[in-house]
Amino acid sequence: MDSETKKLTPLKFLPDRQDTPWGSIEYKLADLGFIDSMASEGWLGGNTISDIMQTYLERVSGETSFDWYGTQFPVLIKRICVNKGRTPLHLNPDDETAEQRYDAFGKTALWYVEDAGKDAALYLGFKKAVGAEQLYQASLDGSVDSLLHKVKPGKGEFYLITPGTVYAAKDVTILEISEASELSFNLETDLEEAFDLIDLGVDLIDLGAWSNPLPRPEGSLIVSLPQFTANRIPLSQALKSHRDLDDTFLLYITLEGEAIIEADNNNYKAKKGELVMVPAEVTDFALLPAAPGTVILEVRMDPRPDDDIVSEPVDDGSQD
């Protein structure tokens, strides 16, 4: 049986850490060109996610994802450790703007707070509606922090970062789940570009989920977006999956404890903070706790509406 007909198995990837002036970014799964995660074990070990996608296509990501995103894996997972001051102020464009202006994907992101220090803070949007001239001057003279809505995050909380929202973080470790894009603008260095994208009309009444963590419902669902769906799953007993009709990759990140993904009589362990991908082709598998109090985050892609902005797969050459 050659490699192109050999059945795919769950995959683990080598992390890629990048140091920054304010801390570090650890890419756990990234198909970005300049960061291309490498499978760490199994018969696909040593191959990058872009190579795997180019060869196995929808067998990895599922037909829904492949129809929208082509051979680019659609989700980015990274850990952001902020331990040297605060991050620069950034904002992300939406899909439509990113496609029209930059031939790229926009970025909606989900933040999970892995750890929060005594000075932990998230800056999410503005305290009240801000005029363009006021914001421009505050950005130039360094007083922009005084205009921002500041949140004290707690460990285990989730926050949604929507396009057009100015955001920053301090003294916190965050697991970020987002579209496969690093297209964002630094308010302190890309001021002219950023100004055209900022949502200035935010006040406390409109902040909604920005002013508080996302509510944790009785079920597992954290958020369901066109770009991805995230579920928080307490794993107190074995869960078996028989997803004959399912059509998506599955990413499992262990938030607490240790999990095991069992497939084809093999075990794939995921310690706290580790990620395992279950390709769409793997329909029969089980999730098992390997430690008390195990909690996992499941990331998947559900069918997107027909009128969504991502209308055609990304051209293979655009990721060179």
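In this text the structure is predicted, and so the values were computed from the model without any measurement. Residue numbers run from 1 in the order of the sequence given.
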>> Using side-chain contact (heavy atoms from CB on, under 4.5 Å), reason through Val172 and Asp115 one step at a time and then give a plain yes or no.
In response: CA-CA 6 Å; Val172 66; Asp115 197 18; over 6 Å; no

> For Lys152, does the NZ atom have more than 12 heavy-atom neighbours from other residues, nucleotides or ligands under 6.0 Å away?
Replying inline: yes

>> Can you confirm whether or not the ring centre of Tyr102 sits under 6.0 Å from the ring centre of Phe185?
In response: yes

> So, Asn92 versus Glu179: side-chain donor-acceptor pair below 3.5 Å or not?
Replying inline: no

>> I'd like to know if Val223 and Val75 are part of one continuous hydrophobic network [Ile/Leu/Val/Met/Phe/Trp/Tyr, side-chain heavy atoms within less than 4.5 Å].
In response: yes

> Just wondering, do Ser61 and Met53 contact through their side chains at under 4.5 Å, heavy atoms?
Replying inline: yes

> Taking the side chain as C-beta and beyond, is there a heavy-atom pair between Leu187 and Pro88 under 4.5 Å?
Replying inline: no

> Do side-chain atoms of Thr97 reach the backbone of Asp94 as a donor and acceptor pair under 3.5 angstrom?
Replying inline: no

> Would the Tyr167 and Tyr159 ring centres measure less than 6.0 Å apart?
Replying inline: no

> Would you say the side-chain atoms of Asp264 pair up with the backbone N or O of Asn266, donor to acceptor, closer than 3.5 Å?
Replying inline: no

>> Do Val276 and Ile233 sit in one hydrophobic cluster, given that two such residues count as connected whenever their side-chain heavy atoms are within less than 4.5 Å of each other, even indirectly?
In response: yes

> What's the spacing between Lys84 NZ and Lys170 NZ if we round to 0.5 Å?
Replying inline: 15.5 Å

>> Do Ile222 and Tyr112 have side chains that approach each other closer than 4.5 Å (heavy atoms only, starting at C-beta)?
In response: no

>> Measuring only between side-chain heavy atoms, which start at C-beta, is Thr248 closer than 4.5 Å to Phe228?
In response: no

> Out of curiosity, Ser65 OG to Arg300 CZ, how far, rounded to the nearest 0.5 Å?
Replying inline: 12.5 Å

> Any ring-ring contact (aromatic ring centres under 6.0 Å, His included) pairs touching residues 250-289, not counting sequence neighbours?
Replying inline: none

> CG/Asp51 to CE/Met38 distance, rounded to the nearest 0.5 angstrom?
Replying inline: 8.5 Å

> In terms of hydrophobic clusters joined by side-chain contacts under 4.5 Å, are Ile253 and Leu288 together?
Replying inline: no

>> Count I, L, V, M, F, W, Y as connected when their side-chain heavy atoms are under 4.5 Å apart, and connections chain through other members. Are Leu225 and Leu29 then in the same cluster?
In response: yes

> Are the side chains of Leu148 and Lys150 in touch, meaning some heavy atoms are under 4.5 Å apart?
Replying inline: no

> Is there side-chain contact between Lys6 and Tyr56, with heavy atoms separated by less than 4.5 Å?
Replying inline: no

> Can you get from Leu11 to Leu14 by hopping between Ile, Leu, Val, Met, Phe, Trp and Tyr side chains that sit under 4.5 Å apart?
Replying inline: no

>> Under the criterion side-chain contact (heavy atoms from CB on, under 4.5 Å), I'd like the reasoning laid out for Arg232 against Phe158: C-alpha separation, chi angles, the key distance, then a yes or no.
In response: CA-CA 10 Å; Arg232 179 186 180 276; Phe158 289 88; 4.2 Å; yes

> Could you go step by step and tell me if Tyr27 and Leu32 meet the side-chain contact (heavy atoms from CB on, under 4.5 Å) rule?
Replying inline: CA-CA 10 Å; Tyr27 290 92; Leu32 298 173; 4.1 Å; yes

>> Is any side-chain heavy atom of Pro74 closer than 4.5 Å to one of Phe249?
In response: yes

> For Ala270 and Thr254, which heavy atoms make the closest approach, and how far apart are they?
Replying inline: O-OG1, 2.9 Å

>> Rounded at 0.5 Å granularity, tell me how far CG in Leu175 sits from SG in Cys81.
In response: 12.5 Å

>> Checking Lys28 against Arg79 for the side-chain contact (heavy atoms from CB on, under 4.5 Å) test, could you report, in this order, the C-alpha distance in whole Å, the side-chain angles of both residues, the deciding distance, and whether it holds?
In response: CA-CA 7 Å; Lys28 292 184 167 296; Arg79 173 180 286 123; 3.3 Å; yes

>> Rounded at 0.5 Å granularity, tell me how far OG1 in Thr48 sits from CD in Gln54.
In response: 9.0 Å

> Quick one: OG on Ser50 to CZ on Phe73, what's the gap to the nearest 0.5 Å?
Replying inline: 12.5 Å

> How would you list all residue pairs meeting salt bridge (charged side-chain N to carboxylate O under 4.0 Å, His left out) that involve residues 39-50, not counting sequence neighbours?
Replying inline: none

> Lys78: what forms a salt bridge (Lys or Arg N to Asp or Glu O under 4.0 Å) with it, not counting sequence neighbours?
Replying inline: Glu176, Glu182

> So do the side chains of Thr9 and Val282 get within less than 4.5 Å of each other, counting heavy atoms only?
Replying inline: no

